[in-house]
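Convention: sequence-line order gives letters A, B, ...; per-chain numbering from 1. The structure displayed is predicted, hence computed values, not measured ones.
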Number of protein chains: 2
Amino acid sequence: MAGDRVFAALASPVRREVLRLLCEEGPQPVQRIAGRFDMARPSLSEHLRVLREAGLVSERKVGRQRLYRLEAVPLHEVREWLNPFERFWREKLTGLRDLLDDLDES
Amino acid sequence: MAGDRVFAALASPVRREVLRLLCEEGPQPVQRIAGRFDMARPSLSEHLRVLREAGLVSERKVGRQRLYRLEAVPLHEVREWLNPFERFWREKLTGLRDLLDDLDES
DNA sequence: ACTATAGGTAGGAAATATCCTACCTATCAA
DNA sequence: TTGATAGGTAGGATATTTCCTACCTATAGT
């Protein structure tokens with residue numbers, strides 16, 4: 001599945017935070033992003049590469065900076081993967097779940 | 001964040017497939033689950049442990065079998081993490097995105 | 001042309017993930 | 001009680017991840 005890379009990219013808290021940052025504050029150069037993390041810049045570059053290869057960000061050269069921009073469309077795939085599970089947590093939250101389990105397992 | 005384990009658990013295609021299986025076909029013993037994968041059973045046991053520690057499945061002893069059951073509630077957390085991004089892919093899909101980017105970056 | 005800045009790449013160390021086989025315990029069935 | 005089955009745990013090989021420092025290129029400013 002192509003979405004493997006997307007799920008793998010989301011496994012890192014750092015990468016999720018980068019996405020949240022780009023979502024809330026718009027496109028940013030690497031330095032501004034790196035300033036938020038207690039990590040050497042080349043390490044962040046690695047994370048950005050993972051996000052790029054998952055299609056979750058794109059880069060655009062502006063002078064000697066590179067603006068990284070959120071590309072949210074692949075996240076739609078994650079959302080769709082979750083869909084079949086939604087009724088389960090809904091049932092749980094409404095207290096209906098235990099009843100259905102008894103039916104399933106009998 | 002507690003959800004770190006959930007996102008990490010979802011990074012493996014095998015584990016996502018296990019969840020889908022439990023979702024579609026209800027609680028199952030380890031053997032039935034293992035039959036779906038080209039993998040030694042102890043390896044699958046490892047994957048089940050990861051899912052258990054993320055709170056995504058629970059086990060119940062029944063005779064000498066252990067029924068694994070989907071616990072979907074932690075997935076709600078993933079869904080909520082996605083919420084802020086939703087408007088971005090919506091805009092993209094409706095063709096509105098490029099317009100907003102021009103505003104952001106100017 | 002020279003210097004400083006932005007940021008990618010190389011290479012390596014340490015930690016973690018993913019698979020295996022071998023082995024152990026618990027339960028069922030004869 | 002003895003044998004077979006379900007499934008977890010141990011330990012190890014290999015691959016991947018995640019971080020680092022050192023280095024390189026490209027652009028901007030003087």
Which residues pass the side-chain contact (heavy atoms from CB on, under 4.5 Å) test with [X], not counting sequence neighbours?
X: B:Asp38; value: none
X: A:Ser58; value: A:Arg69, A:Glu71
X: B:Ser45; value: B:Arg41
X: B:Glu46; value: B:Arg49

Open item on the list: So, OP1 or OP2 of C:dA6: does either fall under 4.0 Å of a side-chain N or O from A:Gln31?
Closed with: yes
TODO: Report the distance from atom CG of B:Leu48 to atom C1' of C:dT18, rounded to the nearest whole Å.
DONE: 14 Å
Open item on the list: Once salt bridge (charged side-chain N to carboxylate O under 4.0 Å, His left out) is applied, do any residues pair with A:Arg36, and if so which ones, sequence neighbours excluded?
Closed with: A:Glu25
- [ ] State which residues pass salt bridge (charged side-chain N to carboxylate O under 4.0 Å, His left out) with B:Arg79; sequence neighbours excluded, sorted by chain then number.
- [x] A:Glu86
Task: Footprint string (nucleotides 23-30 of chain D, 5' to 3'): B base within contact, S backbone only, - free, heavy atoms under 4.0 Å - done: ---SBS--
Task: Closest nucleotide among C:dC19, D:dG7, C:dT18 to the B:Arg15 side chain - done: C:dT18
Open item on the list: Among C:dT18, C:dA6, D:dG8, which nucleotide has an atom closest to any side-chain atom of A:Gln65?
Closed with: C:dA6
Task: Pairwise 5' ranking along DNA chain D for A:Leu44 and B:Arg49, keeping only the more 5' one - done: B:Arg49
Task: Residue pairs passing the ring-ring contact (aromatic ring centres under 6.0 Å, His included) test where at least one lies in residues 2-22 of chain A, sequence neighbours excluded - done: A:Phe7-A:Trp81
- [ ] Can you tell me which residue pairs pass the ring-ring contact (aromatic ring centres under 6.0 Å, His included) test with a partner in residues 49-78 of chain B, sequence neighbours excluded?
- [x] A:Trp89-B:His76
Task: Those residues of residues 32-40 of chain B lying under 4.0 Å from DNA chain C by at least one heavy atom - done: B:Met39, B:Ala40
Distances for protein N or O near nucleotides 11-16 of chain C N or O, under 3.5 Å:
none

Donor-acceptor list for residues 10-23 of chain A side chains, cut-off 3.5 Å, not counting sequence neighbours:
from, atom 1, to, atom 2, distance (Å)
A:Ser12, OG, A:Val14, N, 3.2
A:Ser12, OG, A:Arg15, N, 3.2
A:Arg15, NE, A:Ala9, O, 2.8
A:Arg15, NH1, A:His47, ND1, 3.1
A:Arg15, NH2, A:Ala8, O, 3.3
A:Arg16, NH1, A:Leu10, O, 2.7
A:Arg16, NH2, B:Asp4, OD1, 2.6
A:Glu17, OE1, A:Arg20, NE, 3.3
A:Glu17, OE2, A:Arg20, NE, 3.4
A:Glu17, OE2, A:Arg20, NH2, 2.6
A:Arg20, NH1, A:Glu24, OE1, 2.4
A:Arg20, NH1, A:Glu24, OE2, 2.6

